[in-house]
Amino acid sequence: MRPRKGLELEGTAGRAPVTAALDLGQSKVACFIMKPEGARHADRTVRVAGFGHVQSRGVQGGALINMEEAAQAVCRAVERAERAAASPVSGVVVTTSIGQMRSRRVQTRVSLGAHPVGDADLARAIALALDEIHMPDRRPIHVMPVAWSVDGARGLRDPRNMKGRTLGLDLLVVSMAEATFAALSHCMELAHLDLQGVVAAPLASSLAALEEDEMDLGCVCVDMGAGVTSAAVWGGRSLLHVDGLNVGGDHVTADVARGLSTSRAGAERLKTLHGSAMASANEDREMLEAPQRGEDPDAATVHVPRAMLKTVIAPRVEETLELIRDRLKAAGVGPEPGAGVVLTGGASQLNGVRELALRVFDRPVRLARPFRAPHLADAASGPAFCAAAGVLLRAAYGPRESVSARKLMARRIGAGDAPRAQAVGFTARVAGWLRDNL
């Protein structure tokens, strides 16, 4: 493929680098760019300096299947965002749901002396937890503290200056398939971009769509993409669990194409314009038209009642939501009584999905937009763009993690990647981590 044409602007030398978020999915590739002044700390929002999005290529079934096509789509999206922001981009943080993302907990305890809990004790606990992370063929992309405990008293966010015999740490590790990570890294190389980090799409969407109270009191953010439906569970202002399955909106399109004997393009149009996951009035009498498959211009148009379209769409959407619900319950992190469900992603915009999710989860459900990026253009302010906005919000406000993205991208992690105490105290990096996380 041709090298990406980096944006060349006069007077850009010496400027602070921009933050670029790349949302890589099965239906679209979107790029958001934020300049250093884009973080609005007064209300914890961000201003997007430029965005671009194109139809995705080379991504299917939760995997990269064609590097060249995917890299070309990435190049086009980034170049559009560069032109809109009038700023060049050399590296991106990718948010995606591909690679069979899932999470696991690592719990550890360290003994305390007679002194109160200090920074060195926190560092020891983190190092011990990192040393227990053994996931063959998996690449950790997030390592985040869930909670601390002292002598079994759980739920502490900052145990420093407390006294006890043992200090406990509950660490969440989110990972993706190592083969997918390697393919993603190679795809960015083909696009002449540095891979600066990978963010799980449901985590990124949560940061753009959830209220502080929802993260604190408990919430499930379900990100409904074209190829993958994933979920992030929150409670106590911490990320508790991440999971996903390779079923999404494109499977609904395929079902419509098969059920109504029409083309994929025709099925997508029917789903977008007339599709619904719930019954509506007069749908038995309303007739829809769709082109037949094939290239015969004289082929008769397919005529079907709108009710038939619903009977194809509803079972697939309901099954997808039930699978997510059951996986969360099996992991012991199903929505607690009073917790809500928030829907993001392009597939969540289908009519009737919110009402169907309300019935499946038996919890309050709302459809979210990236409200923490309030100045987005209408074309990029819908639920499908929550993940890209969330990457910028994460860069500006956290949550920070126990291991830097640079180390996670470069190699496997271990105890040596934990913050370390020195004779004169913690380094500035460790102090910053503690300040951001506790």
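These figures come from a predicted structure and were not determined experimentally. As a basis for the values below, the full set of heavy atoms in this structure was taken, side chains included, without hydrogen atoms, waters or symmetry mates.
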Restricting to non-hydrogen atoms, name the atom on [X] and the atom on [Y] that form the minimum distance, rounded to 0.1 Å.
| X | Y | result |
| --- | --- | --- |
| I33 | E82 | CD1-N, 3.7 Å |
| P383 | S348 | CB-OG, 3.7 Å |
| I313 | G275 | CD1-CA, 3.6 Å |
| V228 | G62 | CG2-CA, 3.8 Å |
| L122 | P159 | CD2-CG, 3.7 Å |
| V18 | P88 | CG2-O, 3.7 Å |

Side-chain heavy-atom pair [X], [Y] within 4.5 angstrom cut-off:
| X | Y | value |
| --- | --- | --- |
| L184 | L64 | yes |
| V94 | L195 | yes |
| R80 | V54 | yes |
| M188 | V92 | yes |
| L171 | Q107 | no |
| P370 | C386 | yes |
| T108 | E132 | yes |
| S402 | P145 | yes |

Working note: I98 + V59, criterion side chain to side chain contact (heavy atoms under 4.5 Å, CB included); need CA distance, chi angles, decisive distance, verdict.
CA-CA 9 Å; I98 66 174; V59 181; 4.0 Å; yes

Is there a donor-acceptor pair under 3.5 Å between the side chain of [X] and the backbone N or O of [Y]?
| X | Y | answer |
| --- | --- | --- |
| T320 | V247 | no |
| Y397 | T45 | yes |
| K28 | A384 | yes |
| R139 | L408 | yes |
| R57 | A70 | no |
| H134 | D131 | yes |
| T272 | R269 | no |
| Q26 | G61 | yes |
| D194 | Q196 | no |
| H186 | M67 | no |

How would you list all residue pairs meeting side-chain hydrogen bond (donor to acceptor under 3.5 Å, both in side chains) that involve residues 375-389, not counting sequence neighbours?
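Applying side-chain hydrogen bond (donor to acceptor under 3.5 Å, both in side chains) to every pair that reaches into residues 375-389, excluding sequence neighbours, yields R47-H375.
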
With side-chain hydrogen bond (donor to acceptor under 3.5 Å, both in side chains) as the rule and sequence neighbours excluded, what pairs involving residues 211-239 come up?
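Only S97-S230, R157-S238, S205-D223, S206-W234, E214-R366, D223-T344 qualify under side-chain hydrogen bond (donor to acceptor under 3.5 Å, both in side chains).
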
Look up atom [atom1] in [X] and atom [atom2] in [Y], then write down how far apart they are to the nearest 0.5 Å.
| X | Y | atom1 | atom2 | value |
| --- | --- | --- | --- | --- |
| K407 | L130 | NZ | CG | 9.5 Å |
| C75 | L190 | SG | CG | 8.5 Å |
| M101 | T96 | CE | OG1 | 5.5 Å |
| T95 | F32 | OG1 | CZ | 11.5 Å |
| Q100 | R138 | CD | CZ | 6.5 Å |
| L321 | R325 | CG | CZ | 9.0 Å |

Any chance [atom1] of [X] has more than 12 other-residue heavy atoms, nucleotides or ligands included, within less than 6.0 Å?
| X | atom1 | value |
| --- | --- | --- |
| R104 | CZ | yes |
| D137 | CG | no |
| R40 | CZ | yes |
| E318 | CD | yes |

Under the side chain to side chain contact (heavy atoms under 4.5 Å, CB included) criterion, do L22 and V78 qualify, and how do the steps go?
CA-CA 8 Å; L22 185 75; V78 172; 4.0 Å; yes

E319: salt bridge (Lys or Arg N to Asp or Glu O under 4.0 Å) partners, not counting sequence neighbours
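Applying salt bridge (Lys or Arg N to Asp or Glu O under 4.0 Å) to E319 gives R316.
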
Going by the rule salt bridge (Lys or Arg N to Asp or Glu O under 4.0 Å), which residues pair with D170 if we only count those two or more places apart in sequence or in a different chain?
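D170: salt bridge (Lys or Arg N to Asp or Glu O under 4.0 Å) contacts with R105, R154.
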
Any residue meeting ring pair (Phe, Tyr, Trp, His ring centres under 6.0 Å) with H274, in chain and number order, not counting sequence neighbours:
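Here no residue qualifies.
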
Taking only residues two or more places apart in sequence or in another chain, which ones pass ring pair (Phe, Tyr, Trp, His ring centres under 6.0 Å) with F371?
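None.
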
Could you tell me whether [X] and [Y] have a side-chain N and a carboxylate O separated by less than 4.0 Å?
| X | Y | result |
| --- | --- | --- |
| D250 | R264 | yes |
| R102 | D243 | no |
| D121 | R124 | yes |

If a pair satisfies ring-ring contact (aromatic ring centres under 6.0 Å, His included) and one of its residues is in residues 51-85, list it, with sequence neighbours excluded.
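Listed by first then second residue: H53-F385.
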
My understanding is that only residues two or more places apart in sequence, or in another chain, count here; which of them pass side-chain contact (heavy atoms from CB on, under 4.5 Å) with [X]?
| X | answer |
| --- | --- |
| D151 | R165, T166 |
| A49 | K35, A85 |
| K310 | A279, E283, A314 |

Full working for side chain to side chain contact (heavy atoms under 4.5 Å, CB included) between V93 and V198:
CA-CA 6 Å; V93 178; V198 179; over 6 Å; no

Return a table of donor-acceptor pairs under 3.5 angstrom between the side chains of residues 352-364 and protein atoms on other chains or two or more places apart.
{"unit_1": "R354", "atom_1": "NH1", "unit_2": "V365", "atom_2": "O", "d": "3.2"}
{"unit_1": "R363", "atom_1": "NE", "unit_2": "E336", "atom_2": "O", "d": "3.1"}
{"unit_1": "R363", "atom_1": "NH2", "unit_2": "P335", "atom_2": "O", "d": "3.1"}

Can you pull out every salt bridge (Lys or Arg N to Asp or Glu O under 4.0 Å) where at least one residue sits in residues 385-395? Sequence neighbours excluded, please.
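Every pair satisfying salt bridge (Lys or Arg N to Asp or Glu O under 4.0 Å) with a residue in residues 385-395: R394-E401.
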
For the residue pair E268 / T253, report whether a side-chain donor-acceptor contact shorter than 3.5 Å exists.
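Note: T253 and E268 side chains meet the donor-acceptor criterion.
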
Run the side chain to side chain contact (heavy atoms under 4.5 Å, CB included) test on L167 and M162 for me, step by step, so that the C-alpha distance in whole Å, both residues' side-chain angles and the decisive distance to 0.1 Å come before the verdict.
CA-CA 10 Å; L167 172 67; M162 299 183 68; over 6 Å; no

